[in-house]
Protein chains: 2
Amino acid sequence: MQIEIWSDVKCPWCFVGKRRFETALAGFEHRDQVTVTWKSFQLDPDLPDHYDGTEQQYLAERKGISEDRIREMWDSLSASAAGEGLNFRFEDVVVGNSFTAHRFLHLAKSQGLGDAAKEAILSAHFEQGKDTSDTDFLVELGQKIGLTEQDVRATLDTDRFADDVHHDIAEARALGISGVPFFVIDRKYGISGAQPADLFAEALTTAWQEANPLTLVSPAGSAAASADGEACGPEGCN
Amino acid sequence: MQIEIWSDVKCPWCFVGKRRFETALAGFEHRDQVTVTWKSFQLDPDLPDHYDGTEQQYLAERKGISEDRIREMWDSLSASAAGEGLNFRFEDVVVGNSFTAHRFLHLAKSQGLGDAAKEAILSAHFEQGKDTSDTDFLVELGQKIGLTEQDVRATLDTDRFADDVHHDIAEARALGISGVPFFVIDRKYGISGAQPADLFAEALTTAWQEANPLTLVSPAGSAAASADGEACGPEGCN
């Protein structure tokens with residue numbers, strides 16, 4: 001079963017949603033037959049690489065959100081995050097464009113390290129106050145998860161994987177995705193937002209059952225039309 | 001998914017475009033649920049059945065194209081054709097009105113042989129220097145793809161399928177199609193010209209996704225409007 005998750009690096013609900021999804025997946029019977037693919041999305045593609053101000057200034061200046069409302073949002077988000085074992089430190093968040101981070105994530109994905117990279121970069125951004133647009137920091141982070149310094153620099157010093165990021169964003173648009181996190185199962189079911197783990201679990205089961213319907217056992221040699229045995233239905237008994 | 005392709009017999013890009021489209025279709029996940037219908041178009045309906053001259057003379061005399069420009073066009077077209085495994089021989093092309101060929105194609109289509117006929121007639125015209133306006137040749141060609149001599153002659157000796165050809169051309173006009181090849185997906189998306197296979201692939205995916213939208217999974221009892229979980233969008237995080 002194919003699960004694609006569109007997500008931005010600078011999206012707190014994406015980290016919370018990742019945990020809730022992981023909880024559901026851990027309890028899913030057929031988890032060893034599930035492939036998870038992280039897809040890029042940008043909430044604010046117009047941000048400069050390095051925004052000169054705090055997250056609070058960014059939200060106030062660029063999104064016009066009041067100080068009270070920001071405090072309220074952060075409290076609520078931090079509480080939800082804490083409920084999933086995450087320790088958000090919004091005051092330390094470094095604001096900047098996530099494009100470089102997405103290219104880094106695609107590099108990691110190309111080496112089978114997509115999930116490790118996603119986890120590390122979300123934690124760096126929300127829990128550790130790191131600058132995830134910074135090449136030197138990403139080199140360091142990459143080495144921790146198994147990438148070489150050479151590969152990370154060769155990617156970030158060029159425009160490698162830029163097309164992949166754009167491709168993911170175009171796909172999101174085609175699927176009608178305008179916010180993240182957004183989970184897609186087998187390109188059939190969509191789950192918008194950091195829903196409760198129970199809902200992910202239910203969706204996994206539904207999609208699995210649909211992809212693996214019961215095989216009807218019928219008497220040898222019977223035509224498909226006669227696969228039903230003697231039975232009763234709404235119209236009576238055959 | 002319904003794909004209609006407007007195309008003329010005497011149109012080199014139609015043959016190249018056919019190959020590129022086929023490449024995309026072969027790689028398309030849901031190709032077994034795609035129906036392709038060939039539609040008639042005439043680039044030059046005023047041509048006599050048999051033009052007394054070479055393709056080069058035709059282009060020079062009737063279209064006013066210089067010899068140098070013709071050579072340039074042919075070189076470029078032949079190179080593109082070769083890139084798709086086609087061997088164009090413009091020097092051997094037999095010039096004439098394509099109306100008879102289109103009636104032949106409609107006969108083949110009425111017997112489920114539309115694609116085989118289209119392929120055979122394009123190859124005959126561009127690769128083999130055959131006269132695709134000639135009844136005896138079309139009888140021979142028809143037999144190769146599974147038509148009977150009787151059906152081909154009964155069609156070409158009368159005006160059978162003439163209305164179908166006119167109907168296709170009128171439809172093209174109604175859709176705003178003025179050049180071929182022109183590909184239409186579900187009467188919704190139009191692709192003009194022999195685009196790269198990648199573009200066809202993308203259009204197939206987009207159209208499919210639109211015809212088969214994601215089913216949004218939302219918590220039991222929630223109103224459709226609240227199907228979104230906690231998420232971040234361009235305006236911030238809810």
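Numbered from 1 within each chain, the chains take letters A, B, ... in sequence-line order. Only a predicted model underlies this, so the values are computations on that prediction, with no experimental measurement involved.
- Separating the NZ atom in A:Lys10 from the SG atom in B:Cys232 is a distance of 13.0 Å, to the nearest 0.5 Å.
- Atom OG1 of B:Thr215 and atom NZ of A:Lys188 lie 6.5 Å apart (nearest 0.5 Å).
- At a threshold of 4.5 Å between non-hydrogen side-chain atoms, the residues B:Leu216 and A:Ile191 do not count as touching.
- Residues satisfying the side-chain contact (heavy atoms from CB on, under 4.5 Å) test with B:His30, not counting sequence neighbours, are B:Phe28, B:Gln33, B:Trp208.
- No part of A:Val16 comes within reach of chain B, as not one of its non-hydrogen atoms sits under 4.5 angstrom from that chain.
- Distance SG/A:Cys14 to CD/B:Glu230: 12.0 Å, rounded to 0.5 Å.
- Contact record, A:Gln195 with B:Val217: NE2-O, 4.4 Å, taken as the closest heavy-atom pair.
- Contact between A:Ser178 and B:Pro234 at its shortest, heavy atoms only, is O-CD, 3.3 Å.
- With values rounded to the nearest 0.5 angstrom, A:Glu171 atom CD is found 8.0 Å from B:Thr205 atom OG1.
- For B:Arg20, the salt bridge (Lys or Arg N to Asp or Glu O under 4.0 Å) criterion is met by B:Glu84, not counting sequence neighbours.
- Looking at A:Phe182, the atoms closer than 4.5 Å to chain B (heavy atoms on both sides) all sit in the side chain, from C-beta outward.
- Rounding to the nearest 0.5 Å gives a distance of 8.0 Å between CD1 of A:Ile65 and SG of B:Cys237.
- Among the candidates A:Ala174, A:Cys11, A:Ser76, the residue making the largest number of heavy-atom pairs closer than 4.5 Å to chain B is A:Cys11.
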